[in-house]
Structure formats: C-alpha cells, structure tokens
Amino acid sequence: MPLVTLRHFTEDDIPVRTALLREARFQANLNDLGVVTSDEALVARQRKAIAEEHDVKRHFTLCGPGGAIVGFAWISSIDWRSQCCELSFGVLPRFRGAFGAAAVAAAHAHIRAELNMRVVVNQVLEHNTMLVSAGELAERRAVRCPWDSYTVGEWRTACYWTDSEDDVRRRQSSIDRRRREIADRIRSGGRT
C-alpha cells in the first residue's frame with residue numbers, strides 16, 4: 001500500500017488548503033496568493049475550480065495513512081491533446097519531512113496513470129530546496145528565469161524542466177541500480 005494516496009479535492013478540504021495557502025513557507029516557495037486575496041475570494045476560487053474548471057485545472061487532496069490530509073496537488077496549463085500539464089503541490093508543514101517526497105511521487109504517478117499525462121512541466125523557485133537540492137535543481141533545469149515570480153516581497157528566479165515517461169523510467173532505473181549497489185556493498189561487509 002502506498003504511503004500517500006490521492007483523492008479528488010472537495011469543498012470540505014477548502015479550509016485546510018486555505019490555511020496552507022496562508023502559510024509563510026508555502027508563500028515564499030510557491031506563490032503569495034494567500035496574502036493578497038481575501039478569505040472569501042480564496043474560498044470562491046477553490047469552489048469555482050471544483051465546480052467549473054476541470055478542463056483547465058484539477059485539484060487533488062494528498063492523504064496519508066488512515067486518510068489524514070497531508071497536503072494538496074493540482075495540475076494546471078493542461079493540454080489534453082498533447083497530454084501535458086504543470087504539476088504543483090503543497091504539503092502541510094507538520095508532514096513535510098515525513099511525506100513530502102512520497103506526496104510528489106504519488107501525484108506524478110496518479111496524473112500519468114489516471115489522466116494519461118505523458119509530459120509534466122516542473123517549476124521550482126531557485127531558493128526552494130525543500131525537496132530538490134540546489135545541485136539537483138541546477139542539473140535538472142532546462143530553463144532558468146530570473147524575475148519569474150514575486151513572493152513575500154522578493155523577486156524569485158524559477159527553474160523549469162519537463163519529465164516525460166522515459167525520463168521517469170530512466171531516473172527510477174538509476175535509483176534502483178544505486179540501491180542494489182548499496183545493498184550489495186552492505187551484504188559484502190563494505191568490501192568492493
């Protein structure tokens with residue numbers, strides 16, 4: 001059983017997501033919509049997304065063991081014909097260390113398996129190293145955009161790259177190979 005699962009975002013989830021949108025690290029690392037938007041407008045935007053905007057964006061609730069909400073994922077810039085979208089996510093502060101990587105993996109797996117997305121556009125603000133190290137970000141980015149986003153009073157540089165199905169398979173194969181090498185080294189008592 002996966003550590004994190006996804007379900008459709010519902011109106012019952014709006015208060016939890018609204019609180020996340022107002023959280024300081026979320027605002028600095030993604031956007032500060034929660035600072036510049038009233039409570040009523042935030043709720044209305046989320047209700048509209050649920051009721052009317054499935055063709056252009058989809059919101060999901062990330063759940064941990066027992067169905068506990070650990071965060072949210074959403075896709076936007078959806079190109080159904082090209083099977084491409086941008087994936088965003090936010091993990092609740094108390095679950096970031098324990099569920100962050102699993103939440104991202106679950107979101108990627110879901111949109112590929114259930115929505116047939118073949119290419120996912122990734123955007124990470126350069127200062128945000130919560131899930132991607134600065135070195136990995138520099139290695140993976142295909143485009144670096146200074147002055148891309150303005151969050152909590154600062155202009156931010158964004159890094160963009162895409163992940164196709166082949167990219168995901170290659171990365172997973174590399175991870176699996178590295179794990180086998182480590183396991184073999186441990187079993188051999190550290191002898192190489």
Side-chain angles (χ1 to χ4, degrees), residues 1-125 128 130-132 148-153 156 158 160 163 168:
M1 173 132 186
L3 183 62
V4 176
T5 58
L6 271 76
R7 64 171 171 76
H8 286 283
F9 180 71
T10 69
E11 286 198 20
D12 291 341
D13 300 324
I14 290 174
V16 179
R17 187 169 183 268
T18 299
L20 178 62
L21 292 172
R22 297 212 185 280
E23 193 260 332
R25 286 188 76 189
F26 177 91
Q27 292 171 5
N29 291 333
L30 198 62
N31 70 54
D32 54 6
L33 177 69
V35 171
V36 298
T37 308
S38 70
D39 287 342
E40 297 79 18
L42 278 176
V43 169
R45 285 175 64 120
Q46 292 173 88
R47 282 190 176 136
K48 183 177 181 184
I50 292 168
E52 301 173 21
E53 298 180 328
H54 279 246
D55 57 329
V56 294
K57 65 178 140 184
R58 300 249 174 129
H59 290 82
F60 304 96
T61 302
L62 301 164
C63 300
I69 297 174
V70 299
F72 301 94
W74 57 100
I75 60 173
S76 57
S77 303
I78 302 171
D79 182 337
W80 293 105
R81 184 179 301 237
S82 297
Q83 296 174 293
C84 179
C85 67
E86 183 172 336
L87 173 63
S88 302
F89 54 88
V91 177
L92 299 174
R94 67 183 176 278
F95 295 117
R96 286 185 180 142
F99 293 100
V104 173
H108 273 274
H110 180 83
I111 65 173
R112 290 179 190 289
E114 300 299 324
L115 300 177
N116 297 314
M117 292 296 154
R118 301 294 174 234
V119 176
V120 176
V121 176
N122 299 279
Q123 174 198 19
V124 175
L125 299 183
N128 180 359
M130 289 177 66
L131 285 171
V132 181
D148 180 85
S149 300
Y150 189 78
T151 66
V152 293
R156 309 289 185 166
Y160 291 89
D163 282 323
V168 171

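Just the heavy atoms: all of them, side chains too, but no hydrogens, waters or symmetry mates, feed the values below.
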Q) Between Q46, R7, H8, which is the residue that forms a side chain to side chain donor-acceptor pair (under 3.5 Å) with D13? A)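 The single option meeting the side chain to side chain donor-acceptor pair (under 3.5 Å) with D13 is R7.
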
To the nearest 0.5 Å, tell me how far [X] [atom1] sits from [Y] [atom2].
X   : Y   : atom1 : atom2 : result
D79 : C85 : CG    : SG    : 9.5 Å
I69 : T61 : CD1   : OG1   : 5.5 Å
K48 : K57 : NZ    : NZ    : 8.0 Å
R45 : T37 : CZ    : OG1   : 6.0 Å
F72 : L62 : CZ    : CG    : 8.0 Å

Which atoms form the tightest heavy-atom contact between [X] and [Y], and what is the distance?
X    : Y    : value
L87  : A73  : CD1-CB, 4.3 Å
L125 : A158 : CD2-CB, 3.9 Å
E11  : I50  : N-CD1, 3.7 Å
L20  : V91  : CD1-O, 3.8 Å

Q. Is Q27 reaching over with its side chain to a backbone N or O of L21, donor-acceptor style, under 3.5 angstrom?
A.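 A pair under 3.5 Å: yes.
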
Q: Could you tell me whether the side chain of R58 and the main chain of H54 form a donor-acceptor pair under 3.5 Å?
A: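 Pair found, side chain donor or acceptor close to backbone of H54.
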
Could you check if a side-chain atom of [X] sits within less than 4.5 angstrom of a side-chain atom of [Y], using non-hydrogen atoms only?
X    : Y    : value
R156 : Y150 : no
W80  : I78  : yes
V121 : S77  : no
F9   : I14  : yes
P15  : V43  : no

Q.
Parallel, tilted or perpendicular, judged at 30° and 60°: which one describes the rings of H59 and W74?
A.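 The arrangement is parallel - the two ring planes meet at less than 30°.
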
(Q) Can you pull out every salt bridge (Lys or Arg N to Asp or Glu O under 4.0 Å) where at least one residue sits in residues 95-110? Sequence neighbours excluded, please. (A)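 Counting only pairs at least two positions apart or across chains, the salt bridge (Lys or Arg N to Asp or Glu O under 4.0 Å) contacts touching residues 95-110 are E23-R96.
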
Q.
Among residues at least two apart in sequence or on other chains, which ones pass side chain to side chain contact (heavy atoms under 4.5 Å, CB included) with V124?
A.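 So V124 forms a side chain to side chain contact (heavy atoms under 4.5 Å, CB included) with N128, L137, W161.
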
Between side-chain atoms of residues 97-116 and protein atoms elsewhere (two or more places apart, or another chain), which donor-acceptor pairs fall under 3.5 Å?
from: R112; atom 1: NH1; to: R118; atom 2: O; distance (Å): 3.1
from: R112; atom 1: NH2; to: D163; atom 2: O; distance (Å): 2.8

Q: Run the numbers on Q123 and D148 for side chain to side chain contact (heavy atoms under 4.5 Å, CB included), then give the verdict.
A: CA-CA 10 Å; Q123 174 198 19; D148 180 85; 2.9 Å; yes

